[in-house]
Amino acid sequence: MTRRLLLLLPLAGFLVLAVFLYRGLSIDPAERDSALMAEPFPAFTLTALSDPERTLDESLLKGRVTLVNVWGEWCPTCKQEMPQLLELADRGVRLVGVDYKDTREKGREFLSEFGNPFEVNLFDPEGSLGFDLGVYGAPETFLVDAEGVIRYHHTGYITPQDVERVILPEVATWQD
């Protein structure tokens with residue numbers, strides 16, 4: 001009897017492992033909450049993508065509601081998202097870009113080809129700001145209120161439907 005139970009032990013171990021694996025694979029990473037929700041935007045000092053001599057910090061995000069969009073030339077969904085970001089800019093939404101883990105030349109080429117909806121782009125070649133934001137890929141977008149506090153986090157690209165259903169209502173909620 002004990003010998004039979006020992007023979008079933010590997011099967012039981014496999015079944016437990018299979019349940020944990022299935023559970024992990026069923027979690028949608030886009031549904032995760034940002035640990036920075038309702039927290040001040042992380043402190044940073046980065047240069048502008050367009051001008052390596054221009055240094056910017058988190059004070060850039062104070063005084064006006066801002067969408068901070070993390071993007072990269074290497075990111076295929078960032079290309080899909082660009083028409084929606086251009087529309088948001090046309091509708092008066094302030095956008096600041098973070099060119100994430102890119103080269104300055106490729107970032108500039110991307111904006112030249114797909115358009116530039118951003119008031120300014122931060123150049124984050126090492127991904128330090130992305131790391132502080134908890135970014136695990138691009139695109140990701142953060143809504144920052146006029147006090148510099150993160151109020152909304154959108155994982156993945158902004159679809160045309162997201163503009164009307166999610167992004168514009170969130171911006172309106174936090175505007176003065």
Nearest heavy atoms of G72 and C78, plus distance in Å: N-SG, 3.7 Å
Side-chain donor or acceptor of R108 paired with backbone N/O of L49 under 3.5 Å: yes
Criterion side-chain contact (heavy atoms from CB on, under 4.5 Å) against S59, the qualifying member of L61, D57, L56: D57
D51/T47 under side-chain hydrogen bond (donor to acceptor under 3.5 Å, both in side chains): CA gap, chis, key distance, verdict: CA-CA 7 Å; D51 180 2; T47 60; over 6 Å; no
Whether N121 side chain and D99 backbone form a donor-acceptor pair below 3.5 Å: no
Distance-minimising heavy-atom pair for R94 and E119: NH2-OE2, 2.9 Å
Flag, side chain of T66 to backbone of R64, donor-acceptor distance under 3.5 Å: yes
Parallel, tilted or perpendicular: ring planes of F142 versus F41, cut at 30 and 60 degrees: perpendicular
Within-4.5 Å side-chain heavy-atom neighbours: L111 and W71: yes
Expected output: side-chain E58 to main-chain F44 donor-acceptor under 3.5 Å: yes
Check against side-chain contact (heavy atoms from CB on, under 4.5 Å), L143 and I150: CA-CA 6 Å; L143 177 69; I150 296 173; over 6 Å; no
Test item: N69 and V98 side chains (from C-beta on) under 4.5 Å apart, heavy atoms: no
Check: V96 and L122 side chains under 4.5 Å, non-hydrogen atoms: yes
Side chains of E140 and H154, donor plus acceptor under 3.5 Å: no
Pair W174 + Y152: ring centers closer than 6.0 Å: no
Atom of E81, atom of Y157 and distance for their closest heavy-atom approach: OE2-CA, 3.4 Å
Criterion side-chain contact (heavy atoms from CB on, under 4.5 Å) on K79 and F110, from CA distance to verdict: CA-CA 8 Å; K79 296 169 185 163; F110 177 91; 3.4 Å; yes
For L85 against P117, the heavy-atom pair lying closest together: O-CB, 3.5 Å
Any side-chain heavy-atom pair of I167 and L67 under 4.5 Å: yes
Flag if over 12 foreign heavy atoms under 6.0 Å of CD, E105: no
